[in-house]
**Student:** 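Right, I'll just put the structure down here and ask away after.
We use all heavy atoms of the structure for the numbers below, so side chains are in, but hydrogens, waters and symmetry mates are not. Quick caveat: nothing in here was measured; it's all calculated off a predicted structure. Just so it is clear: chains get the letters A, B, ... in the order the sequence lines come, proteins before strands, and each one is counted from 1.
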Protein chains: 2
Amino acid sequence: MLIGELGDRVGVSTKTIRYYEGIGLLPQPRRSDNGYRAYGPEDEARLAFVKTAQQLGLSLEDIGQVLALRGAGTAPCEHVRGMLREQIRGIGRQLAQLRAMREELQTLEAAIDQIPAGEATVCRVIEHTRGPRQDLASAGSAVSSRRSG
Amino acid sequence: MLIGELGDRVGVSTKTIRYYEGIGLLPQPRRSDNGYRAYGPEDEARLAFVKTAQQLGLSLEDIGQVLALRGAGTAPCEHVRGMLREQIRGIGRQLAQLRAMREELQTLEAAIDQIPAGEATVCRVIEHTRGPRQDLASAGSAVSSRRSG
DNA sequence: CTAGGGGTTCCCCTCGCGGGAAGGTCAACC
DNA sequence: GGTTGACCTTCCCGCGAGGGGAACCCCTAG
């Protein structure tokens with residue numbers, strides 16, 4: 001199986017496959033005489049595993065750890081369960097941040113017309129705001145990144 | 001005012017200030033005889049503006065547009081209002097994604113013990129899952145990035 | 001004279017790839 | 001046999017928003 005076919009079957013790009021190989025997430029495959037990567041069904045399974053784990057929110061580093069555990073003969077299920085729990089906690093934290101952020105923004109938007117133009121040098125909307133708590137700033141970055149995707 | 005003092009007053013690092021200058025968000029400041037950047041109060045105001053806008057979730061590119069509008073003589077408040085509304089919508093989308101993601105994970109976690117070890121080659125927890133809907137994958141990445149920060 | 005705390009430029013690192021260049025390979029068609 | 005087009009290869013650059021650190025300059029206090 002060539003890299004393109006593998007990618008099509010699993011639903012990832014050839015770029016992604018080469019990248020995974022580069023960071024050690026996938027083993028270096030056998031090469032055909034012409035230098036092309038040659039994959040078998042076990043590579044498809046592993047790549048599908050990576051993709052699914054990623055869709056569960058695990059980072060590639062996390063996934064690498066799981067695969068390494070398994071490679072060392074340890075059943076990684078308990079480890080994975082811990083990761084998922086941490087993942088759920090992380091989502092909870094992020095939800096709280098985003099809710100607070102949204103409330104802040106909604107309050108600001110509702111109050112825009114009441115803000116006096118006054119001494120603003122650029123924009124009264126922003127200059128009237130003296131910054132929400134710092135931990136909200138990190139929530140915001142994830143949002144605007146969503147816009148370009 | 002030297003760069004360090006400006007950073008301290010506004011609460012950003014000197015790295016950040018130089019970075020903003022590099023991408024054109026802050027103007028190139030006057031230089032003292034020794035080559036040091038020399039800032040005035042107007043620079044402090046502009047930097048504080050950038051910081052506040054960023055805490056509201058605007059990207060540096062967005063902020064640059066606002067500053068450019070203002071530089072062109074246009075009052076950017078309406079523009080900013082639109083950005084804030086879009087920001088609020090974006091947060092709503094992200095909240096929905098995260099909630100769905102969390103539910104998916106919670107369901108999975110609750111059902112782990114019912115998953116038969118069966119034919120799993122790495123981890124039954126992940127291999128039993130056949131991937132949540134694709135749009136959830138993007139929600140996950142924001143979560144795990146929160147962990148290392 | 002030396003220590004220390006400023007400042008300066010420069011380049012590499014993040015995370016998960018995507019885009020594209022420059023080139024080799026293969027099957028199909030004229 | 002030549003040519004097209006779809007594959008494949010390696011390589012480097014880019015994203016957002018800076019952080020870390022090297023190598024070096026400047027200034028002051030002891």
**Student:** Measure the distance from CG on B:Asp8 to P on C:dG6 and round it to the nearest whole Å.
**Tutor:**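 Answer to the nearest Å: 9 Å.
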**Student:** Look at the side chain of A:Lys15 against the base of C:dG16 and say whether a donor-acceptor pair falls under 3.5 Å; ignore hydrogens and angles.
**Tutor:**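 No pair found.
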**Student:** Provide, to the nearest angstrom, the distance between the CD1 atom belonging to B:Ile3 and the P atom belonging to D:dC25.
**Tutor:**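 Going from CD1 in B:Ile3 over to P in D:dC25 covers 20 Å.
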**Student:** Please confirm whether the shortest side-chain N or O distance from B:Arg31 to OP1 or OP2 of C:dT9 is below 4.0 Å.
**Tutor:**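 Yes, such a contact exists.
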**Student:** Please determine if B:Arg18 and B:Glu21 form a salt bridge, counting it only when a charged side-chain N lies under 4.0 Å from a carboxylate O.
**Tutor:**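 Looking at B:Glu21 together with B:Arg18, the answer is no, because their closest N to O distance does not fall below 4.0 Å.
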**Student:** In whole Å, what is the span from the CG atom of A:Asp62 to the C1' atom of C:dG16?
**Tutor:**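 My rounded result for the distance is 14 Å.
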**Student:** Taking OP1 and OP2 of D:dG19, is either one under 4.0 Å from a side-chain nitrogen or oxygen of B:Thr16?
**Tutor:**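 Yes, B:Thr16 has a side-chain N/O under 4.0 Å of OP1/OP2 on D:dG19.
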**Student:** Quickly work out the B:Tyr19 OH to D:dG16 P distance and round it to whole Å.
**Tutor:**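 Distance, rounded to whole Å: 7 Å.
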**Student:** Please check the phosphate of D:dA17 (OP1 and OP2 only) for any side-chain N or O of B:Arg18 closer than 4.0 Å.
**Tutor:**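 Checking B:Arg18 against D:dA17: no side-chain N or O falls below 4.0 Å of OP1 or OP2.
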**Student:** Would you indicate, yes or no, if C:dG7 has its OP1 or OP2 atom less than 4.0 angstrom from a side-chain nitrogen or oxygen of B:Arg37?
**Tutor:**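 For C:dG7, OP1/OP2 do not have a side-chain N/O of B:Arg37 under 4.0 Å.
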**Student:** Using whole Å, report how far CD of B:Glu21 lies from C1' of C:dG7.
**Tutor:**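 After rounding, the gap between these two atoms is 13 Å.
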**Student:** Does the side chain to side chain contact (heavy atoms under 4.5 Å, CB included) test come out yes or no for B:Arg124 and B:Ile112, once each step is laid out?
**Tutor:** CA-CA 8 Å; B:Arg124 68 178 191 287; B:Ile112 283 185; 3.8 Å; yes
**Student:** Nearest 0.5 Å, what's the OG1-CG distance between A:Thr14 and A:Leu6?
**Tutor:**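 Between A:Thr14 OG1 and A:Leu6 CG, I get 10.0 Å after rounding to 0.5 Å.
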**Student:** Please report, rounded to the nearest Å, how far the P atom of C:dC13 is from the CD1 atom of A:Ile23.
**Tutor:**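 Whole-Å distance recorded here is 15 Å.
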**Student:** What's the CG-C1' distance between B:Leu2 and D:dC27, to the nearest Å?
**Tutor:**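 From B:Leu2 CG to D:dC27 C1': 11 Å.
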**Student:** Go through the N and O atoms of the side chain of B:Tyr36 and the base of C:dG6, and report whether any donor-acceptor pair is under 3.5 Å.
**Tutor:**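 Result: at least one qualifying N/O pair found.
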**Student:** Where do A:Val80 and B:Cys123 come nearest, in terms of heavy atoms and distance?
**Tutor:**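 Closest heavy-atom pair between A:Val80 and B:Cys123: CG2-SG, 3.8 Å.
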**Student:** Measure from CG on B:Asp33 to P on C:dT8 and round the result to the nearest Å.
**Tutor:**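 These atoms are roughly 14 Å apart.
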**Student:** On the nucleotide C:dG18, are OP1 or OP2 found under 4.0 Å from the side-chain N or O atoms that A:Ser13 carries?
**Tutor:**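 Result: yes.
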**Student:** Report yes if at least one side-chain N or O of B:Gln54 is closer than 4.0 Å to OP1 or OP2 of D:dG18; otherwise report no.
**Tutor:**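 For D:dG18, OP1 or OP2 has a side-chain N or O of B:Gln54 closer than 4.0 Å.
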**Student:** DNA chain D: B:Asn34 or B:Leu60, which has the more 5' nearest nucleotide?
**Tutor:**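 Looking at the nearest nucleotide for each, B:Leu60 comes out on the 5' side.
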**Student:** What I want to find out is whether A:Glu86 reaches A:Arg93 closely enough, with some N-O distance under 4.0 Å, to be called a salt bridge.
**Tutor:**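 The answer is yes: the pair qualifies as a salt bridge.
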